[in-house]
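Before any comments, here is the structure.
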Amino acid sequence: MSADQTPSKIAVRNVTKSFGRKQVLCGADLLIPKGQSTVIIGGSGTGKSVLLKCILGLIQPDSGTIEIDGVNILAEGAQSRRDIRQKIGMLFQGGALFDSLRVWENVAFGLMQGDRMSARDAKPIAITKLGQVGLGPDVADLFPAELSGGMQKRVGLARAIAREPEILFFDEPTTGLDPIMAGVINDLIRQCVADLGATAVTITHDMTSVRHIADQVAMIYEGKFIWSGPIADLDTSGNPYINQFIHGRTQGPIALQVRSA
Amino acid sequence: MPLLSPLGQLVLALFATSGRVTLFALEAMSHWVRPPFYGRQLVRQIVEIGYFSLPVVGLTTLFTGMVLALQAYTGFSQFNAESTIANLVVLAITRELGPVMAGLMVAGRVGAAMAAELATMRVTEQIDALDTLSTPPMKYLVAPRLLAGTLALPPLVAIGNVIGVMGGWLVGEQKLGFNGAAYLQATMNFVSMDDVLSGLVKAAVFGFTVTLMGCYHGFNSGRGAQGVGAATTNAVVSASILILVFDYLLTEAFFAK
Ligand SMILES: Nc1ncnc2c1ncn2[C@@H]1O[C@H](COP(=O)(O)OP(=O)(O)OP(=O)(O)O)[C@@H](O)[C@H]1O
Ligand SMILES: [Mg+2]
């Protein structure tokens, strides 16, 4: 199935965003098909995380429209935006764990504060979710600062999926993980899409993950999406940018701002 | 002319900031009356602001009361000293020095910590994360802190007042050779409900101010460690200045008749 047959869950149209004089997004267009896994690739600093935060409503774009389930969220009021945000679970690139709360309280936070579930009901769910990301129950009572970077990332992942939202955003879920654990996380993301019917959007630099997770791939370059299509077409896209990126070549149309000393 | 233009810009910036702070405060206060309420956050903050500030505030007011008594003795006529000094100490402490000292101490202790905590949460995207977990950060982080500051300072200042008066009594009895019972009796005769209440109203206003400055600067912190540092400094400096300004305005409102 390709993007034009499946209805889109999220439609990003002509979104621009600049910080000061620095233009980060300049006319980004992206359709994210419902119930599939879309992977966004692109160089460091090209605005991938900014785009996700625009969709979440955490950053206000300068122009353009963002539709979730056909509703233009930028035109909605605060309450309806909050309702839409309820549908989304997000793993932040830096984890963004609450460092004053224990690991299980982090994972159960959305259940307890958002859905007003009691601690007694929420804790077992949190421990199950921790199990799914390969963390034992002994970790549950620690504080985030007592975990390694990769463990923190996985707690963030458990928190993102804890409420089983319709939409999942994963900002670099496997960076900092060993290859085996990365494989476990990739499987988990696939499982969320296959079993829960979630729509997943993953940012990653890891080409193995891309091939494992993606139904659709979209590549961002200089603030625009320059290619998107099904994973099967990735190797035969004929797009020189894609080819340079997926093979990690230093020579090609993507000019790096690296000067040798 | 070249001197006036930056001055004008400063005034404009001041107005713009006041507007932003006011809107921030109004939004936070609107959450006081709209459920859901985060009671545990409120209790935690009251304990943090009120209870854990007791030692600092107690020591500050104790020495303030002591030095007041000493200064009054050396400065005033020593005729009828016992009742004059008791009067002066209790008046100065309950009306002015109790709330102001406590406010300034809490600004340094709590305002700074609050700004640093919220700024760190901002920088590490924890505030963004709250938003994605259906928990409005203004409601969860800011509203309980402002309420806690407003509620915790009056009892804190009341205790500080008692300790301050005891400081004056201590110096009076131990050093100046007053009759302790007579000193206390004089204090009781002079203390008025209006003075105490005006001081407690000030305390509530200062508590609100300190937490507002801590939250506002922390919440709107810049990026990186530098942003956290700047937020902390700005919170303490602005809270301290505002305490002194509001102290004057409130005194004017209460006592200038
Ligand atoms: N709040 C902000 N204020 C100012 N500039 C910002 C802000 N957020 C992001 N930027 C800038 O926007 C650009 C894109 O950032 P973004 O985090 O989206 O990159 P990215 O594509 O996710 O990169 P990476 O793969 O390294 O995570 C960067 O140059 C960054 O400096
Ligand atoms: Mg990023």
Side-chain angles (χ1 to χ4, degrees), chain A residues 19-20 49-50 52-59 78-79 81-101 105-119 122 126 144-145 152 155-163 165 167-171, chain B residues 23-24 26-28 30-31 34-45 47-49 52 110 113-145 148 214-215 218-225 227-228:
Chain A
F19 293 103
S49 301
V50 168
L52 287 195
K53 285 185 196 165
C54 285
I55 301 176
L56 277 165
L58 297 174
I59 295 180
Q79 181 57 46
R81 272 187 184 213
R82 266 199 292 280
D83 292 343
I84 293 169
R85 215 180 275 150
Q86 289 256 47
K87 302 180 186 175
I88 310 178
M90 165 97 180
L91 163 65
F92 285 84
Q93 187 168 359
L97 299 180
F98 305 124
D99 39 30
S100 59
L101 299 180
E105 290 172 312
N106 264 280
V107 176
F109 195 89
L111 297 168
M112 285 165 61
Q113 307 298 344
D115 303 337
R116 310 307 275 175
M117 195 184 272
S118 73
Q152 291 181 8
V155 174
L157 193 75
R159 185 175 70 181
I161 63 173
R163 296 164 84 193
I167 303 172
L168 285 162
F169 289 168
F170 301 116
D171 198 344
Chain B
L23 286 179
F24 183 85
L26 288 178
E27 190 190 339
S30 75
H31 289 292
R34 280 187 292 157
F37 306 112
Y38 295 105
R40 269 182 53 190
Q41 294 292 315
L42 180 66
V43 172
R44 206 160 105 185
Q45 292 300 328
V47 170
E48 178 60 40
I49 298 169
F52 289 124
V110 177
M114 209 168 264
E117 186 186 1
L118 293 192
T120 306
M121 292 187 74
R122 167 65 73 199
V123 169
T124 56
E125 299 181 320
Q126 293 178 49
I127 292 184
D128 288 342
L130 277 177
D131 252 322
T132 69
L133 295 164
S134 321
T135 310
M138 285 296 274
K139 190 181 214 48
Y140 181 76
L141 295 174
V142 179
R145 282 172 166 78
C215 290
F219 210 76
N220 296 300
S221 146
R223 291 154 70 88
V228 178

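Within every chain, numbering begins at 1; the chains are lettered A, B, ... in the order of the sequence lines, protein sequences first and strands thereafter. These numbers come from the heavy atoms of this one structure, side chains and all, not from hydrogens, waters or symmetry mates.
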Can you confirm whether more than 12 heavy atoms, excluding those of Arg40(B), are under 6.0 Å from its CZ atom?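 Open.
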Quick check: closest heavy atoms across Ala129(B) and Ala96(A), and the distance to 0.1 Å?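 Ala129(B) and Ala96(A) have their closest heavy atoms at CB-O, 3.8 Å.
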Find the one option among Gln86(A), Met90(A), Gln93(A) whose heavy-atom pairs under 4.5 Å with chain B are most numerous.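 Greatest number of close heavy-atom pairs with chain B: Gln86(A).
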With chain B as the partner, which of Gly114(A), Gly57(A), Ala162(A) has the greatest number of non-hydrogen pairs under 4.5 Å?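 Winner by heavy-atom pair count: Gly114(A).
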Measure the NZ-OG1 distance between Lys87(A) and Thr132(B) for me, rounded to the nearest 0.5 Å.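 Interatomic distance, Lys87(A) NZ to Thr132(B) OG1, rounded to 0.5 Å: 16.0 Å.
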Within this structure, what is the CG-CE distance for the pair Leu133(B) and Met112(A), rounded to the nearest 0.5 Å?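 If I round to the nearest 0.5 Å, the distance is 12.0 Å.
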Residues which pass salt bridge (Lys or Arg N to Asp or Glu O under 4.0 Å) with Asp83(A), listed by chain and number, not counting sequence neighbours: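 Salt bridge (Lys or Arg N to Asp or Glu O under 4.0 Å) check on Asp83(A) returns nothing, list empty.
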Under 4.5 Å heavy-atom distance to chain B, tell me which part of [X] shows up: side chain, backbone, both or neither.
X	answer
Leu111(A)	neither
Leu58(A)	side chain
Asp115(A)	neither

Quick check: under 4.5 Å, non-hydrogen atoms only, which of residues 114-127 of chain B neighbour chain A?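 Only Met121(B), Thr124(B), Glu125(B), Gln126(B) of residues 114-127 of chain B have a heavy atom under 4.5 Å from chain A.
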Could you work out, with side-chain contact (heavy atoms from CB on, under 4.5 Å) as the rule, every residue matching Arg81(A), not counting sequence neighbours?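 Applying side-chain contact (heavy atoms from CB on, under 4.5 Å) to Arg81(A) gives Gln60(A), Leu74(A), Glu76(A).
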Applying ring pair (Phe, Tyr, Trp, His ring centres under 6.0 Å), can you list everything that pairs with Phe109(A), at least two apart in sequence or on another chain?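 If we apply the ring pair (Phe, Tyr, Trp, His ring centres under 6.0 Å) test to Phe109(A), skipping adjacent residues, the hits are Phe98(A), Tyr140(B).
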